[in-house]
Amino acid sequence: QVQPVESGGGLVQAGGSLRLSCAASRRALSGYTVAWFRQTPGKEREFVAAVNWRGDETYYADSVKGRFTVSRDNVQNTVFLQMNSLKSVDTAVYHCAAKVLLRIATSAGDYEYWGQGTQVTVSP
């Protein structure tokens, strides 16, 4: 089974950018649909973006459309989330999740393998 591992979080000012990475141990991410979710204390995990196993189909939450870009490099065995024009409301722990799926899913319950998350904090 695949074990996602996130990196790239940190503290950034509003309007800035960060790039998150999701790599995998135990097994390659190729063949898996990978999604990014985010969570703040007391709230459920929120879908952010996803990319299919080939990397030719993506889907975004309305709240990040036009600002975030999800992509993958199956040679590097990594999925990326480029986040631009960050806002305070984007502050959260960001998790990547993976599952072998025929098409992109946006519900947390559809994903089987989860990383521990990386904190993103956007200051006003």
Study note, to complete from the structure: Rounded to the nearest 0.5 Å, the CZ atom of Arg103 sits from the CD atom of Glu57 at a distance of 9.5 Å

Revision key, fill the gap. Heavy-atom closest pair (Val93 atom, Gln119 atom, distance to 0.1 Å) is CG2-OE1, 3.2 Å

**Study point:** Connected via hydrophobic side-chain network under 4.5 Å: Val64 and Phe47
**Key:** no

Check your understanding: Are Phe68 and Trp36 connected in the hydrophobic side-chain network, where two residues link if heavy atoms are under 4.5 Å apart?
Key -> yes

Point to revise | Salt bridge flag under 4.0 Å for residues Asp90 and Lys87 | key: no

**Study point:** Glu6 side chain reached by Leu20 side chain, heavy atoms, under 4.5 Å
**Key:** no

Review point. Just by modelled atom types, is the Asn77 backbone N or O under 3.5 Å from a matching donor or acceptor in the Asp73 side chain?
Key: no

**Study point:** Heavy-atom side-chain proximity of Thr33 to Val100 below 4.5 angstrom
**Key:** no

Review point. If you measure from OG on Ser123 to CD on Gln13, what distance do you get to the nearest 0.5 Å?
Key: 5.0 Å

Exercise for review: Measure across Arg72 and Val79 and return the closest heavy-atom pair with its distance rounded to 0.1 Å.
Suggested key: CB-CG2, 3.8 Å

Exercise for review: Please check if Trp53 and Val51 belong to a single hydrophobic cluster, counting links between Ile, Leu, Val, Met, Phe, Trp and Tyr side chain heavy atoms closer than 4.5 Å.
Suggested key: no

Revision key, fill the gap. Heavy atoms of Leu81 and Ala49 approach each other most closely as CD1-CB, 4.1 Å

Check your understanding: So which heavy atom on Leu101 is nearest to which on Asp110, and how close?
Key -> CD2-O, 4.2 Å

Check your understanding: Is it the case that more than 12 heavy atoms not belonging to Lys43 sit under 6.0 Å from its NZ atom?
Key -> no

Check your understanding: Just checking, is any N or O donor in the side chain of Ser17 or Asn84 under 3.5 Å from an acceptor N or O on the other one?
Key -> yes

Practice item. Go through the side-chain N and O atoms of Arg45 and Gln39 and say whether any donor and acceptor fall under 3.5 Å apart. Key: yes

Check your understanding: Phe80 ring centre to Arg19 NZ or CZ under 6.0 Å, with the angle to the axis within 45°?
Key -> yes

Review point. Do Thr40 and Thr91 have side-chain heavy atoms sitting under 4.5 Å apart?
Key: no

Practice item. Under the side-chain contact (heavy atoms from CB on, under 4.5 Å) rule, what do Tyr60 and Thr69 come out as? Steps first, then yes or no, please. Key: CA-CA 8 Å; Tyr60 298 91; Thr69 302; 3.8 Å; yes

Check your understanding: Mind checking whether Ser30 and Arg54 have side chains closer than 4.5 Å, heavy atoms only?
Key -> no

Review point. Going by the angle between their ring planes, with limits at 30° and 60°, are Trp114 and Phe37 parallel, tilted or perpendicular?
Key: tilted

**Study point:** From CD (Glu44) to CZ (Arg38), nearest 0.5 Å
**Key:** 14.5 Å

Exercise for review: Could you tell me which non-hydrogen atom of Gln3 sits nearest to which non-hydrogen atom of Gly115, and how far apart they are?
Suggested key: NE2-CA, 4.2 Å

Review point. Considering all heavy atoms of both residues, which atom of Ala23 and which atom of Leu29 are nearest to each other, and what is their separation?
Key: C-CD1, 4.2 Å

Review point. For the atom pair OG1 (Thr58) and CD1 (Ile104), what is the distance rounded to the nearest 0.5 Å?
Key: 6.0 Å

Review point. Just wondering, do Met83 and Tyr94 contact through their side chains at under 4.5 Å, heavy atoms?
Key: yes

Check your understanding: Do the side chains of Thr121 and Val12 get nearer than 4.5 Å, heavy atoms only?
Key -> no

**Study point:** Validation row: Cys22, His95 side chains within 4.5 angstrom (heavy atoms)
**Key:** no

Review point. Does one hydrophobic cluster hold both Tyr111 and Val2, with members joined at side-chain heavy-atom distances below 4.5 Å?
Key: no

